2 protein chains.
Amino acid sequence: MQPPYHRLEEFVPLTQHELTIARGWLSDRRQLARGHCIRREGDPVHGVFFLLEGWVGSSLILRGGKRQIAKIHLPGDMLGFPSLSLSKAVETLEAVTDITFCTIPNLMIGRMFENAPRLSVAMFLSSQLERVALMQNLSWVGAASAMERVTTFLLDLHDRLQAAHLVKDAGFDFPLTQVQVGELLGLTPVHVNRTFRRLDETGYIERERGHMIIKDAASLRRLTAGFVPDKAGHAAWDRLGQPS
Amino acid sequence: MQPPYHRLEEFVPLTQHELTIARGWLSDRRQLARGHCIRREGDPVHGVFFLLEGWVGSSLILRGGKRQIAKIHLPGDMLGFPSLSLSKAVETLEAVTDITFCTIPNLMIGRMFENAPRLSVAMFLSSQLERVALMQNLSWVGAASAMERVTTFLLDLHDRLQAAHLVKDAGFDFPLTQVQVGELLGLTPVHVNRTFRRLDETGYIERERGHMIIKDAASLRRLTAGFVPDKAGHAAWDRLGQPS
DNA sequence: CGGGCTATTGAAGTTGATCAATAACGGTGG
DNA sequence: CCACCGTTATTGATCAACTTCAATAGCCCG
């Protein structure tokens, strides 16, 4: 199966040289069952991870035991970059479904910066995109109602799944528990449930056994908290003077 | 005055070559009065910014007009990186105090990646640190009480100001309005006020005319929501194989 | 078949929001 | 230097969104 390079190629197509490097990551391919952790808060930082199949939640744990999921990662995402700057990992990376992923050791990242400046810029820009996503999540959690948070999340998820070719007829697998959605959006599972129910009573969505269908995306979008900004794509590349 | 390079040198000291590059940024030095914007949401992305003096808030605006401040930036911070990946800026960068800053045009960033891999890695790691800070802010806003949010924020601010040599005897200038603190922490200004008052009635802090003193940091820290993770510092550099 | 997690629903409780009014401050122009 | 005005801070009273508590039902897995 073709590895999901769509996130890496958002800004510029990879050259043969870069594809070779990216294929090098795939050597150490691993599987993990739902509920298990790629790594936990406090673990040493051995590298970053490339998610090939399945969903992963990256979360922080607060004093008091509450957990905040910072992001739900989908196939093609690179995981664990933030902790590269820390002495120990902050984020727990937990498999939401069964997953396949690769570990990219620290040294490979260092070498990439020396030998593959274009790929480095791609990763750099990708990281900035993640920062934007995080800022948006923060803004929803900090300033939007429960209904706005849920609808915004569902539509964003839908768009990202679409980019990963995982949507069929506005429907997609939805393996998250309501507890997890709550931890992502800063709501209690009970309230997530009520919000979901209101949405499918109204006919905006349809849920069943780990699957979700967006019945009326246009109306749903009117309930959201804000806009998803346009990615620059290749324009970002041009802007930087098309680094070689 | 020595430019505040402490953020850039968190991971590795700059070489002469890199210092030359960094000094190049300073050519286009500008001032802005409190309340004015370096740039607004929706503006074209001409470059990123290096903050020399003063405080800047970076914020997103939601449908409905509510504003979420993602971060309060202090001298030495690089601003505006996330929008490099977008066709238009998402973040509004507003001066909280009178400020001095430099604009670093996009092309200079691109050239840096080609000619100064070490500096690029430093910026890359710095960006990851920003992601961590953002994840933490998200976790406070999503899962902590008002009191926890406020105390965590104050202590974090204190630590960052200290790194910028802007703290004297546990006291520091505090130019933020309570409205702004509210927008940062996802609270109403009224509630920020009540929380502050409770803190200084109890003797944890002291406030007056744009100044704040942390009277009892140790006790205050017991009220916070979580821990500030250790930065890797030079260890991050070693980990990556000391890129040259 | 049994046990544990997940979803669902109802009732009651709280934190923090909203509304509203006043006071204090800071900057401006006369 | 002072009067004025808009912004900010403060405080009280009320309200509501969401939480907490609790109980039941459904599902998945071994």
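Nothing here was measured: the structure is a model prediction, and the numbers come from that model. By convention in this document, chain letters (A, B, ...) are assigned in the order of the sequence lines, proteins followed by strands, and residues within each chain are numbered from 1.
Mapping S145(B) and R34(B) onto DNA chain C by nearest heavy atom places S145(B) closer to the 5' end of the strand.
Between the side chains of T195(B) and R149(B), no donor-acceptor pair of N or O atoms lies under 3.5 Å. The closest side-chain donor-acceptor pair between S59(A) and Q68(A), if any, does not fall under 3.5 angstrom. T92(A) and R39(A) are not linked by any side-chain donor-acceptor pair at a separation below 3.5 angstrom, with hydrogens and angles left out of the test.
By the neighbour-count criterion of 12 heavy atoms within 6.0 Å, atom CZ of R40(A) is sparsely surrounded, having that number or fewer from other residues, nucleotides or ligands.
Across residues 61-75 of chain B, not one residue has a non-hydrogen atom less than 4.0 Å from an atom of DNA chain D. Heavy-atom distances under 4.0 Å link DNA chain D to V190(B), N193(B), R194(B), R197(B), R207(B) of residues 189-210 of chain B, given in residue order.
T188(B) comes within 4.0 angstrom of a nucleotide base, judged by non-hydrogen atoms across all strands. Nucleic acid contact class of G186(B) (heavy atoms, under 4.0 Å, all strands): sugar-phosphate only.
With sequence neighbours left out, the side chain to side chain donor-acceptor pair (under 3.5 Å) criterion links S58(A) to no other residue. D159(A) meets the side chain to side chain contact (heavy atoms under 4.5 Å, CB included) test with R221(A); sequence neighbours excluded. Checked against side chain to side chain donor-acceptor pair (under 3.5 Å), R63(A) has the following partners two or more places apart in sequence or in another chain: T224(B).
Counting to the nearest Å, the C1' atom of dC18(D) and the CD atom of Q178(A) are 16 Å from each other. One can place CG of L187(A) at 14 Å from P of dA17(D), the figure rounded to the nearest angstrom.
First and last contacts of DNA chain C with chain B, using any nucleotide atom under 4.0 Å from a protein heavy atom and ordered 5' to 3', fall at dG16(C) to dG26(C).
Between R7(B) and D77(B), at least one side-chain N (NZ, or NE/NH1/NH2) sits under 4.0 Å from a carboxylate O, which counts as a salt bridge. E94(A) has no carboxylate O lying under 4.0 Å from a charged side-chain N of R34(A), or vice versa, which leaves the two without a salt bridge.
Results of the side chain to side chain contact (heavy atoms under 4.5 Å, CB included) test with L93(A) over I99(A), D43(A), L32(A), I38(A) single out I38(A) as the only residue that passes.
From E130(A), atom CD reaches atom CE of M135(A) across 13.5 Å, with rounding to the nearest 0.5 Å.
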